[in-house]
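Chain identifiers are assigned alphabetically (A, B, ...) following the order of the sequence lines, protein sequences preceding nucleic acid strands; residue numbering begins at 1 within each chain. These figures come from a predicted structure and were not determined experimentally.
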There are 2 protein chains.
Amino acid sequence: MIPDDVVSPLPSQRALGDLVTDVLREMITGGRFQPGQHLKETELADALKVSRGPIRQALARLEEEGHVELRRHRGAFVSTLTRTDVEEVHTLRGAIERLAAGRACTRMQGAGFAEMDEVLEQMKSVDTKIDPEDAVRLDLQFHDIIYAYCDHGRVQRVWESIRGQVTVFLRARNASFPDFLEVGYSEHKELRDALALGDPQAAQDGIDKHIVGAYERLKRLNLPDR
Amino acid sequence: MIPDDVVSPLPSQRALGDLVTDVLREMITGGRFQPGQHLKETELADALKVSRGPIRQALARLEEEGHVELRRHRGAFVSTLTRTDVEEVHTLRGAIERLAAGRACTRMQGAGFAEMDEVLEQMKSVDTKIDPEDAVRLDLQFHDIIYAYCDHGRVQRVWESIRGQVTVFLRARNASFPDFLEVGYSEHKELRDALALGDPQAAQDGIDKHIVGAYERLKRLNLPDR
DNA sequence: TCTCTGTAGATTGTAAACAGTTACTCATTG
DNA sequence: CAATGAGTAACTGTTTACAATCTACAGAGA
């Protein structure tokens, strides 16, 4: 048996459509495309040097994630961020993360909390020297741990389907309200301590409080209604 | 301006892939395929008289709904129903239906409750002359109303993604425990009354109770662990 | 018995072509 | 001047065919 450490991890061999999905998602969430922009299959295929097949697969998935809108015989249009989207994403996230936390708090054991503490440690340092992109990354990383340990494939998938939009929201928030960086650490530390009680009810209450707080800040963003 | 009531609703022109998705889902949930059966793209394409394109689109969607498992370079296999699936579907359903009910109870107004009462009336009659398939249909119809009135596109989509599996579970339950038919009406009536209070908290409690009850019955099914 | 190798079968990815639709332009009509 | 309608261009939806890649299985060899 050859240990995992020495095998070449290169031939990842994911489906081409999955790679295209990731690339396009990053381009959209990273602001490389304008909201409302018309993405044409042939253009994308030419640009990414693949055929239309994987492109269509990627666009279908991005539509499920809410990043593009697919209009029949018209093509894909980059979604515009609305107040309704923020509300939907956050209420849905609250619902599933509540479930995830209730399960995770009894499954994380030592390993999970160690991972969390590592992230928290980095958050503390971000609080001093501010890099918005790092803050977004750490925030997501913290919550990824909860979903990873909740041991629930379907919840994990729902999270993955809204994770990209959550990223967009966090970035937008950082751009408008840089003051949040100061509360990043303390709020997550509080949530971690709630989880550490190992009581599902306490974990769920912790999530409710955490998500509501995040939503309240986001609501102050100036967004179109729909 | 012509009112919506008189325009012909026909030319909807759904994409072929969507139609194929519905056909295959019905064939799987209806038991036309054996669990674990290998579904080959070319066979399906020949059988349904369409090309592989729409077939692939459909299989990708059915995988998200948990009806088939896609193994790279191996193809699609009909999912086997496990105890884990039952647990995941029901806990996820509980989480999102809780949210849906909290929103729906203040939005259903008269129209929504009228729809519910119509379904409840039919449930009452089913309780006397028993037809399992009708019971499944009415049960889903009742909950569809909650999701329709919660006015939340993303929750609606998550529901649609597990609705098929819930259907499978309900059918399996009916086959094993025909006695449930007696509680169908009363449990849903109770839930309806909780929603009618117009208080989100009461609605959520009603859902918790309802889903837990449904799950407890399902757990008695004899299923493989994974 | 175990390992290796080869082959057949299946899927994935690519490419090209056609059909169907949509939106747009612009002349025509009232 | 607004509304209508034909005509057109562009794009997507679908089909077909082919090349590349991978998996599983069976059989040869140690």
Side-chain angles (χ1 to χ4, degrees), chain A residues 1-3 7-25 27-28 33-65 67-80, chain B residues 1-2 7-25 27-28 33-64 67-80:
Chain A
M1 185 55 164
I2 301 177
V7 298
S8 68
L10 288 171
S12 68
Q13 290 305 21
R14 300 179 54 207
L16 200 46
D18 290 343
L19 291 174
V20 173
T21 305
D22 289 344
V23 170
L24 289 181
R25 180 178 27 240
M27 292 179 85
I28 292 173
F33 294 129
Q34 294 298 316
Q37 185 174 346
H38 189 174
L39 303 181
K40 296 158 195 168
E41 291 185 359
T42 49
E43 277 184 15
L44 294 174
D46 290 346
L48 298 178
K49 310 289 185 202
V50 299
S51 66
R52 276 175 57 202
I55 298 286
R56 288 178 63 98
Q57 190 181 328
L59 290 177
R61 203 160 296 178
L62 292 175
E63 194 227 355
E64 301 212 331
E65 296 180 17
H67 292 302
V68 302
E69 186 182 345
L70 250 44
R71 290 184 227 166
R72 191 172 163 75
H73 285 118
R74 283 288 294 147
F77 296 81
V78 178
S79 296
T80 306
Chain B
M1 187 56 164
I2 300 177
V7 297
S8 70
L10 287 170
S12 67
Q13 288 300 17
R14 301 180 55 208
L16 200 46
D18 291 342
L19 291 175
V20 173
T21 306
D22 290 343
V23 170
L24 290 181
R25 187 194 297 111
M27 292 179 83
I28 293 174
F33 295 130
Q34 294 298 316
Q37 185 172 345
H38 190 176
L39 303 181
K40 297 161 193 168
E41 291 188 357
T42 49
E43 276 184 13
L44 295 174
D46 289 346
L48 298 179
K49 311 288 185 203
V50 298
S51 67
R52 276 176 46 213
I55 297 287
R56 295 188 57 167
Q57 189 181 328
L59 289 177
R61 203 160 296 179
L62 291 175
E63 194 227 357
E64 302 214 331
H67 293 301
V68 301
E69 187 182 345
L70 251 43
R71 291 184 226 164
R72 191 173 161 73
H73 284 117
R74 283 289 295 147
F77 295 80
V78 178
S79 296
T80 306

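- Note on B:Arg71: every side-chain N or O is 4.0 Å or more away from OP1 and OP2 of D:dC22.
- Nearest-nucleotide mapping onto DNA chain C: of A:Pro54 and B:Leu39, the residue sitting toward the 5' end is B:Leu39.
- Atom CG in A:Leu16 sits about 14 Å away from atom C1' in C:dA15, given to the nearest Å.
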Checklist entry - Run the side-chain contact (heavy atoms from CB on, under 4.5 Å) check on A:Glu64 and B:Glu64 step by step: do they pass? => result CA-CA 11 Å; A:Glu64 301 212 331; B:Glu64 302 214 331; 2.3 Å; yes
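- Straight-line distance from the CG atom of A:Asp18 to the P atom of C:dT11: 18 Å, rounded to whole Å.
- Within the 4.0 Å cut-off from OP1 or OP2 of C:dT22, at least one side-chain nitrogen or oxygen of A:His73 is found.
- Between B:Leu70 atom CG and D:dC22 atom P there is a gap of 17 Å when expressed in whole angstrom units.
- Residue-level contact check: A:Arg52 touches the bases, meaning some heavy atom is under 4.0 Å from a base atom.
- Two residues are said to be in side-chain contact when any heavy atoms from C-beta on lie closer than 4.5 Å; A:Thr42 and A:Arg52 meet this criterion.
- At a threshold of 4.0 angstrom between heavy atoms, the contacts of A:Leu59 with the nucleic acid are absent.
- Between the CD atom of B:Glu41 and the P atom of D:dT21 there is a distance of 18 Å, given to the nearest Å.
- Considering only side-chain N and O atoms, A:Arg74 lies nowhere under 4.0 angstrom from the phosphate OP1 or OP2 of C:dT21.
- The side chain of A:Ser51 has C:dA15 as its nearest neighbour among C:dA15, D:dT15, C:dA10.
- For the pair A:Glu43 CD and D:dC11 P, the computed distance is 7 Å after rounding to whole Å.
- Residue A:Ile55 contributes atom CD1, which lies 13 Å from atom P of D:dG13 at whole-angstrom precision.
- Taking atom CZ of residue A:Arg56 and atom P of nucleotide D:dC11, one finds them 15 Å apart after rounding to whole Å.
- The backbone N or O of B:Arg61 lies less than 3.5 Å from no partner atom in the side chain of B:His67, so there is not a single donor-acceptor pair.
- The distance between atom CD of A:Gln57 and atom P of D:dT12, rounded to the nearest whole Å, is 17 Å.
- Results of the side-chain contact (heavy atoms from CB on, under 4.5 Å) test with A:Arg25 over A:Leu62, A:Val20, A:Val68 single out A:Leu62 as the only residue that passes.
- Taking the side chain as every heavy atom from C-beta outward, B:Leu44 and B:Leu59 approach each other to under 4.5 Å.
- At the heavy-atom level, B:Gly75 lies under 4.0 Å from the strands shown only through sugar-phosphate atoms.
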